[in-house]
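Contents: one structure, followed by commentary.
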Number of protein chains: 2
Amino acid sequence: MSKSKRLMELMLAVHRKRSFTVKELAVEFGVSSRTMLRDLQELGELGVPLYSEVGPHGGYRLLNERMLPPIAFSEEEAAAVFFASHALRHYRDIPFRTEISSALQKFYLHMPQDVRGKIDEMRDRVDFQVPHRSQSAPMLNVLLQAAIQRQPVRMEYDGRAGVEEREIRPVGIYASNGLWYCPAYCLNRQDYRLFRCDRIKTAEIMERPTEEPEMEQVHLGNWGSVHDRDSELTGIHVELSREGCRRFETGMWPQPQIRKREDGTGWIESRIPKSDIEYYAHFFIGLGMEAHVLQPAELVLSIRQMLAAMAERYGAGE
Amino acid sequence: MSKSKRLMELMLAVHRKRSFTVKELAVEFGVSSRTMLRDLQELGELGVPLYSEVGPHGGYRLLNERMLPPIAFSEEEAAAVFFASHALRHYRDIPFRTEISSALQKFYLHMPQDVRGKIDEMRDRVDFQVPHRSQSAPMLNVLLQAAIQRQPVRMEYDGRAGVEEREIRPVGIYASNGLWYCPAYCLNRQDYRLFRCDRIKTAEIMERPTEEPEMEQVHLGNWGSVHDRDSELTGIHVELSREGCRRFETGMWPQPQIRKREDGTGWIESRIPKSDIEYYAHFFIGLGMEAHVLQPAELVLSIRQMLAAMAERYGAGE
DNA sequence: GTAATCATGACAATAGCTGTCACTATTATA
DNA sequence: TATAATAGTGACAGCTATTGTCATGATTAC
C-alpha cells in the first residue's frame, strides 16, 4: 500500500472513529506507532482538524466532530438535491433553512459553469404549488429537535383563550396547505392536541425529565389513532357525476376511496367518524350537483339544514 | 510540498480542468513530465477515473465527467438534505427519484452511527401532507429536461377525446395536490394548454428544431399571464364570519386577500376573472353560512341557481 | 505512585522518488 | 507522406523520504 493510499484511508478512518489512540490505528494499518504519529501529523498539515489529549483516556479527536468526510457526488445527484429544495421554497418557515442553503451553496461552488446554468434554469421550470402564508412559525427547529429526541417542551401558545403556557411532548411536525402543525401530548390537558406552529410564540426544550406519558411508540403515522380511538363511525354512500369524480380525484384531502364506473361516474361507499359529519356536509355542498349524498341520514339532514339557511340568505326559491 | 499534498491538489485540479496535458500540469506543479505522468497513474490507482488520448489535441480527461470533486458537508447539512427529501416522499412519481436515493445513500454511508439514528428517527417526526395518488406519471424526467433545455416534445395524451398525439413546447412542470401538471405551448392548438402529467402516456424529446413559438421569456412564474391575458375581471365582495376567516386562512388555493376585523370576522374585496365565477360559486357554497357573497351579481345568481337545484334534490324547504 | 496516553529526537537501513535520457506509439493536419 | 504534438515505457544514478527501533520526557486520571 502506498503512503498516499494509506493517508486517504486514514482520513476516512478518523472521520469514522472520531476518537482513537495512536496505537489502535497503528495496529489497524499495520505500521509502527511512530509512523502513525507522523501520519496523523501529516493529516493535520493537509487540513484535517485533529487534536490530541495526553494522559489516561487520552488519544486523538477530530476537532470539529460535526463534519462528514469528503464525499464525491455526481452532477445529477447534486441537481437532484436542488430539485428537492424547490419543494420547500414557498414555505415561509422550515426547519434547517440555514443548513439547506449552505449545503446547496457548497454544491454550487464545486460545479462547472454548464451545470450551474442548468440549475439556474431549473428554478423557473419546476415548482410545487403551496399556498403562501404570512404567519411566521419561528419554533420549528425546537419542536422537531424535541420530537426526535423525545424531550418535553415548555411553550407559549396563542389559542382561542389567548396566550397561555403549555407543557407538551411533541410527536412531530407536519406541513399541510402551507401551514405547520404539531401534534403533541399536552401535559396540561392530559391528552393529545394538535397545535398550529404559527401560534407557538416561544418554545424551549426542558432538560429535566418530566412525568413520562406512555408514548414511546407514538409517531406521526399513528398518533391519530391514539387520539381518535373512541370515535364512532358511520357508513356513507354518495353518488358522483363524471365531474364529481374528477373533482374528487384532484382534491386535496386524505379521503374515502372512490369506486368508478365505465362511463366515468362513480360512488363512495365508506365509513367516517360521526364527529366529521359537519365537515363532510360542507364538503359535499361545495361539490354542488356533482355529488348526491344518499346516506347517512344525519349527513343528509345537515345538508338540508344548511341549504335552507343559505336559500333564505340568498333569496333562492323565488 | 509533500507528495501527499501535491496529490490532493492534483485531484482538485483535474476535477477543475477536466481535460489537460501532462506538460501543462507538470509546469503548474513544478515537477518534470515524467513525475507528473507517475502522479496521474497514482491518482488513477487511488480511484480517480482518468483516461488518456494520444496524438495532437490529446491529453488526459476525466472519464466520468459528470462527477464533482469530493465535498465536505457538516452533519447538519446532511440532515437538512434528508429533511428536504421528506417533502417528496408521498409523491408517487418525481423527477430525479433515482438520483435523490443514491445521494441520500452516500450521505448515510458516511455518517457515524449516532447521526444515522437521528436521521432514522426524523422519518417519523416530520411530514408533508400530500394526497396519495395512484395515477402514475412516468414522463416527468423527459418533460423537465425538455423545459430546461427548451426542446420540443412529441407525446401521446389521454385527454377527453381519447389518446392523441401532440407536439408541445413545455414551460415546466409543477405539483399541485399530489398531481403533476405541465403547462406547455401546444403546437397542435397554437396556444398554451395545461396538461396533467399522469395523462401523458409517452413523451420523447424531438431533436430537430421545429417552428419556434415566441416563448423565450416564458416560465412557470408568468405563463399564466400569457395564457390569461384576455380575461375579463369583475369585483367581488364577500363577508366572512370568524369561522369563515379561519377556513379561508387554512385553505389551499392562491386566493384573494382577506381583510380582518378586531372581532375575528372579515371580508374580501377583490377582482377575479369572470371565467372563474362557476368555480367561486362552488367554493363559497362549500363555506355555507360562514360566507355571505354580496357581489358580483353573476356570482350571487350562480349560487342561487345551484341552491335551488340542490334544494330540490335533497328535499329542503319542507 | 502507577499506568496510560501523547510527544520528541536521533539514527541506520532501505524504500521510494525524481529528473534525465533514449526510444516507441498514436493521431491530426498540412 | 511527413511532421508535430501528444501519451507512453524503461532504465538508471543520485537523492530524498520513510520506517522502525530506541531512549527519553510530559501530562493526566485514578
Worksheet item: Taking only residues two or more places apart in sequence, or in another chain, which ones meet B:Tyr91 in a ring-ring contact (aromatic ring centres under 6.0 Å, His included)?
Response: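 Applying ring-ring contact (aromatic ring centres under 6.0 Å, His included) to B:Tyr91 gives A:Phe128, B:Trp180.
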
Worksheet item: Is there any salt bridge (charged side-chain N to carboxylate O under 4.0 Å, His left out) pair reaching into residues 26-36 of chain A, and which pairs are they, with sequence neighbours excluded?
Response: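 Residue pairs with at least one partner in residues 26-36 of chain A: A:Arg16-A:Glu28, A:Lys17-A:Glu28.
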
Item to complete: Any pair with a residue in residues 101-116 of chain B that passes salt bridge (charged side-chain N to carboxylate O under 4.0 Å, His left out), sequence neighbours left out, goes on the list, sorted by first then second residue, please.
Response: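 Non-adjacent pairs meeting salt bridge (charged side-chain N to carboxylate O under 4.0 Å, His left out): A:Glu77-B:Lys106.
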
Discussion item. In whole Å, I'd like the distance from the CD atom of B:Glu45 to the P atom of C:dC17.
Written reply: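 Answer to the nearest Å: 10 Å.
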
Worksheet entry | Members of residues 14-25 of chain A that approach DNA chain C, where some heavy atom sits under 4.0 Å away |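 Within this stretch, A:Thr21, A:Val22 sit under 4.0 Å of the strand.
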
Discussion item. According to ring-ring contact (aromatic ring centres under 6.0 Å, His included), does anything in residues 16-55 of chain B pair up with another residue at least two apart or in another chain? List the pairs.
Written reply: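 Matches after skipping sequence neighbours: none remain.
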
Worksheet item: Taking only residues two or more places apart in sequence, or in another chain, which ones meet B:Asp120 in a side chain to side chain donor-acceptor pair (under 3.5 Å)?
Response: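 B:Asp120: side chain to side chain donor-acceptor pair (under 3.5 Å) contacts with B:Tyr108.
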
Practice prompt. List in chain and number order the residues that pass side chain to side chain donor-acceptor pair (under 3.5 Å) with B:Ser32, two or more places apart in sequence or in another chain; answer none if no residue qualifies.
Written response: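 Partners of B:Ser32 by the side chain to side chain donor-acceptor pair (under 3.5 Å) criterion, ordered by chain and then number, come out as B:Thr35.
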
Discussion item. For C:dG16 and B:Lys3 - does any side-chain N or O of the residue sit under 4.0 Å from the phosphate oxygens OP1/OP2?
Written reply: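 For C:dG16, OP1/OP2 do not have a side-chain N/O of B:Lys3 under 4.0 Å.
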
Worksheet item: Does D:dT19 have OP1 or OP2 sitting under 4.0 Å from an N or O in the side chain of A:Arg6?
Response: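 For A:Arg6, the contact criterion (side-chain N or O under 4.0 Å from OP1 or OP2 of D:dT19) is met.
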
Where do N or O atoms of nucleotides 26-30 of chain D meet protein N or O atoms at under 3.5 Å, pair by pair?
residue : atom : partner : partner atom : Å
D:dT27  : O2   : A:Gly55 : N            : 3.4

Worksheet item: Is there a donor-acceptor pair under 3.5 Å between the side chain of A:Asp127 and the backbone N or O of A:His86?
Response: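 No.
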
Discussion item. Just to verify, what does A:Asp124 make a salt bridge (charged side-chain N to carboxylate O under 4.0 Å, His left out) with, not counting sequence neighbours?
Written reply: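 Counting only residues at least two positions away or on another chain, A:Asp124 forms no salt bridge (charged side-chain N to carboxylate O under 4.0 Å, His left out).
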
Item to complete: Sequence neighbours left out, what passes salt bridge (charged side-chain N to carboxylate O under 4.0 Å, His left out) with A:Glu75? Give chain and number order.
Response: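 Only B:Arg18, B:Arg66 meet the salt bridge (charged side-chain N to carboxylate O under 4.0 Å, His left out) criterion with A:Glu75.
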
Worksheet item: Taking only residues two or more places apart in sequence or in another chain, which ones pass side-chain contact (heavy atoms from CB on, under 4.5 Å) with B:Asp93?
Response: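 Partners of B:Asp93 under the side-chain contact (heavy atoms from CB on, under 4.5 Å) test: B:Ser136, B:Ala137, B:Leu140.
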
Worksheet item: Which of residues 27-42 of chain A sit near DNA chain D, with a heavy atom under 4.0 Å from it?
Response: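 By residue number: A:Val31, A:Ser32, A:Arg34, A:Thr35, A:Arg38.
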
